[in-house]
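Report on the structure given below.
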Amino acid sequence: MNRCTNEFLQQAGAIVGAENLAVDEKTLRSGSRDCFHFSPVLVPLLESCQAEAIAYPESEEQLVQLVALAVSNGVPVTPRGGGTGNYGQGVPLQGGLMINTKRMNRIVDLKTEAARVEAGVSLWTLEAEAAAVEAELRMFPSTIATSSAAGFITGGSGGIGSIEWGMLRDGDNIRHARIVTAEATPQVIDLNSRDELLDVLHNCGLTAFVTEVTFAMAPKTQWHQHIFAFDSLDEALTVADEVANDKALRKRLVTAFEWPIPSFFKPLVRRGACPEGKALLFLITDLDEGQMADYMVPIGGQATFYLPPPEPGSKTKGFQIYEFTWNHTTQWAMKADPNLTYLQEGFATERLQEQLRARRERFGDQVSAHVEFTLDVESGSARAGGLSIVDFRGKDQLWELIAYCEDNEIRISNPHTHFLDDDTRWYGDNFLKAKDRWDPHHLLNPGHLHALE
């Protein structure tokens, strides 16, 4: 059903300018997709879904006018940032209008302790500009090169830096968000309390548009990147846990990989960083090569790679080991073998090695462990989460693996469903109440909630 009539498109073009309204097939197809291809279950469900038009507002005023136009005409609206999400939850299931905020890209206010930015500001740009005030992002996704501010808070949950600061939802990591409601006369609302912000964090565009974000910033640090090899995953995890819980050591990344995952990292393999058959530990810390070597002597590990901080004033991105961690790991795995996919796991951290050994005994080499350590802000201790690599052998076997994990206290956030409320930790009654309050006609990104089907 075509919702975007010629008259509607003319009106939308009058708001943003013809050059900021795309209706050609190539742009609609590429612009409507996220990284749902990471899931062999989602691909057949979502690959044919796309918007009927994509608008690129350059200001909040234009965005408000577009939303009012769409709601008044009963046209579904899908918000879009950088499109780096993995779950298909930003794919327009019912066509309609997609509103991409990448041209709303002003840094409104940048100080050492906080940065207020428009929705479309690139996180890479913000990280680079923050250096001028001796600041940096507290956390960012491995896709920082293409991720946008609003896209990160509405589609992400944490990333590099979460071992020091927790996840986006924790503490005051996000201090403010400015939203536009999906009504015939849209409201512009500033959210300043944590309780209010929870209704837009990881909302995947279902409750409201985010037009501005205020990030709490961290002091600028000279970070050193290290890789260490171990004979077994258990050894790597033992050291990872010690490093992650060492409060005297500042760190931005603590990641462990089971073999053969390191074999997928071809640029690192070529540099000799991934010895055959070894488990690897990736660390970003404030210790240089010599200091880190001294630190590791009592606890083991063979140093295989080191990268010093960039030269002062350099804004060149260069080679970064975090580009092999978090969700980038799955991308490298799929380059090596398109049949590979992944899970998102939360482990009982005190039983991590036990849980992984038991799962390997049950499923063999169908699953290879990829463990990311983050800070549990409430306890002050590190917690272990996983983005393990899975050899896809059909949906039934994947569902059997997920059921096994859940039955054995490995919490799964299933990346093979596009329905948000399959994960009730985030998308329960409060989320639905916020949607009813801010999107009363349920036109924002419809089709991604079982509760509204």
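Computation of the quantities below employed the complete heavy-atom set of this structure, encompassing side-chain atoms and omitting hydrogens, waters and symmetry-equivalent molecules.
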Do [Y] and [X] meet the salt-bridge criterion of a basic N to acidic O distance under 4.0 Å?
X: K251; Y: D286; answer: no
X: E134; Y: K220; answer: no
X: E127; Y: R252; answer: yes

Measure the shortest side-chain to side-chain distance between T329 and S142 over non-hydrogen atoms and say whether it is less than 4.5 angstrom.
no
Show your working on side-chain hydrogen bond (donor to acceptor under 3.5 Å, both in side chains) between D421 and H448 and close with a plain yes or no.
CA-CA 8 Å; D421 46 355; H448 292 290; over 6 Å; no
Run the numbers on Q355 and E409 for side-chain hydrogen bond (donor to acceptor under 3.5 Å, both in side chains), then give the verdict.
CA-CA 8 Å; Q355 288 179 318; E409 298 183 4; 4.8 Å; no
side-chain hydrogen bond (donor to acceptor under 3.5 Å, both in side chains) for N245 and D241? Distances and angles first, verdict last.
CA-CA 6 Å; N245 282 293; D241 183 74; 3.2 Å; yes
L387, I389, I402, I410 screened by side-chain contact (heavy atoms from CB on, under 4.5 Å) with L343, the one that passes:
I402
Per side-chain contact (heavy atoms from CB on, under 4.5 Å), M139 is matched among T374, I160, L168 by L168
Is there a side chain to side chain contact (heavy atoms under 4.5 Å, CB included) between F373 and V371 once you walk through the steps?
CA-CA 7 Å; F373 287 83; V371 181; 3.7 Å; yes
Just wondering, more than 12 heavy atoms not from D429 lying within 6.0 Å of its CG?
no
Check: F257 ring centroid to F324 ring centroid under 6.0 Å:
no
For H202 and Y427: C-alpha separation, side-chain torsions, deciding distance, then whether side-chain hydrogen bond (donor to acceptor under 3.5 Å, both in side chains) applies.
CA-CA 9 Å; H202 214 293; Y427 306 112; 2.4 Å; yes
